[in-house]
Amino acid sequence: SFGYSGFQTDGFRVNSDQKDQIFDAFVQYDFTPQTSVQAEYRYRNTKQGDVALRFFESDFFPGERNNTETDTVRAGFRHTFSPGSIGLASVVYQDRRATLTDNQIGEPVTLLTLNRPEKALSGELAYLFRSPRFNLAAGAGYSKIDGHTDITVDLDIPPPDGPGPFQFQDTIAADVRHANVY
């Protein structure tokens, strides 16, 4: 199957616009009545201003822009060993690129940029056993996210109190690892 979803609005206040597009392709194939595979590819692109609703109406960021692109690939496998015995496997890979910019924070900040690239991979194996007296679900999984946030702040502190325009940059690691057994 192939799918598309698109949504766009100007919002109800300044800088609350949104645009969201999703493209999806999915395929499944049965090699035998006992064995099947499936695969999916999804692309999502979102662009939006500050859409958060806070207590005060005027509490929003008029210069904030958020752009996110995500590619996701998923594959799955199923094999039925007997009517009460099933093996499952799943793998998901995701590549996400997110950027937040704001050019209207206020003095002395003239521009704030946050770049947040992430690559994620997860996999899981499961075994299901069913009988009239006993049911079992066992499995193991592992996931990892390799990411970081690049922060860039353009500042302008005029002399004699400051050096004039300058830029501050930093990177914050955001790696995550997780394993589970059940």
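What you are looking at is a predicted structure, and each value in this text was computed from that prediction instead of being measured.
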Quiz item: Knowing that exactly one of Thr171, Thr99, Thr113 qualifies, which makes a side chain to side chain donor-acceptor pair (under 3.5 Å) with Asp150?
Solution: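 Option passing the side chain to side chain donor-acceptor pair (under 3.5 Å) with Asp150: Thr171.
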Would you mind checking if [Y] and [X] are paired as a salt bridge, meaning a charged N to carboxylate O distance below 4.0 Å?
X      : Y      : value
Asp146 : Lys119 : no
Asp71  : Arg97  : yes
Arg13  : Asp17  : no
Arg116 : Glu118 : no

Exercise. Report, as yes or no, whether the 6.0 Å neighbourhood of atom OH on Tyr182 holds more than 12 heavy atoms from other residues, nucleotides or ligands.
Key: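 Buried by this count: over 12 neighbours within 6.0 Å.
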Report the distance from atom [atom1] of [X] to atom [atom2] of [Y], rounding to the nearest 0.5 Å.
X      : Y      : atom1 : atom2 : value
Glu64  : Gln48  : CD    : CD    : 8.0 Å
Tyr41  : Phe23  : OH    : CZ    : 9.5 Å
Thr152 : Leu112 : OG1   : CG    : 8.5 Å
Leu53  : Glu57  : CG    : CD    : 10.0 Å
Gln21  : Tyr4   : CD    : OH    : 4.0 Å
Asn180 : Ser143 : CG    : OG    : 7.5 Å

Quiz item: After noting the C-alpha distance and the side-chain angles of Thr72 and Gln94, does the key distance pass the side-chain hydrogen bond (donor to acceptor under 3.5 Å, both in side chains) rule?
Solution: CA-CA 4 Å; Thr72 305; Gln94 188 174 80; 3.1 Å; yes
Can you name the nearest heavy-atom pair linking [X] to [Y], along with the distance?
X      : Y      : answer
Ser36  : Gln28  : OG-NE2, 4.4 Å
Ala98  : Thr68  : CB-OG1, 3.8 Å
Asp156 : Gly164 : OD1-C, 3.4 Å

Is there a donor-acceptor pair closer than 3.5 Å between any side-chain N or O of [X] and the backbone N or O of [Y]?
X      : Y      : result
Asn45  : Ile22  : no
Thr32  : Thr35  : yes
Arg177 : Ile145 : yes
Arg74  : Glu40  : no
Thr110 : Asp154 : yes

Without hydrogens or angle criteria, can the side chains of [X] and [Y] be said to hold a donor-acceptor pair below 3.5 Å?
X      : Y      : answer
Gln34  : Arg78  : no
Tyr43  : Asp24  : no
Asn15  : Arg65  : yes
Gln18  : Thr9   : no
Gln167 : Gln169 : yes

Quiz item: Passes side-chain contact (heavy atoms from CB on, under 4.5 Å), Gln104 versus Phe61? Steps please.
Solution: CA-CA 8 Å; Gln104 296 181 32; Phe61 297 98; over 6 Å; no
Practice problem: Please test Glu124 against Tyr142 for side-chain hydrogen bond (donor to acceptor under 3.5 Å, both in side chains), starting from the C-alpha separation and ending with a verdict. | Solution: CA-CA 7 Å; Glu124 189 157 352; Tyr142 179 77; over 6 Å; no
Going only through I, L, V, M, F, W and Y residues with side-chain contacts under 4.5 Å, is there a path from [X] to [Y]?
X      : Y      : result
Leu111 : Ile151 : no
Tyr29  : Phe77  : yes
Leu114 : Val109 : yes

Quiz item: Any side-chain heavy atom of Ile86 within less than 4.5 Å of one from Arg130?
Solution: yes
Quiz item: What about Phe168 and Phe166, are their ring centers closer than 6.0 Å?
Solution: no
Quiz item: Between Phe129 and Tyr127, how do the two ring planes meet: parallel, tilted or perpendicular, split at 30° and 60°?
Solution: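 Ring orientation of Phe129 relative to Tyr127: parallel.
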Self-check item: Parallel, tilted or perpendicular: ring planes of Phe81 versus His79, cut at 30 and 60 degrees
Solution: perpendicular
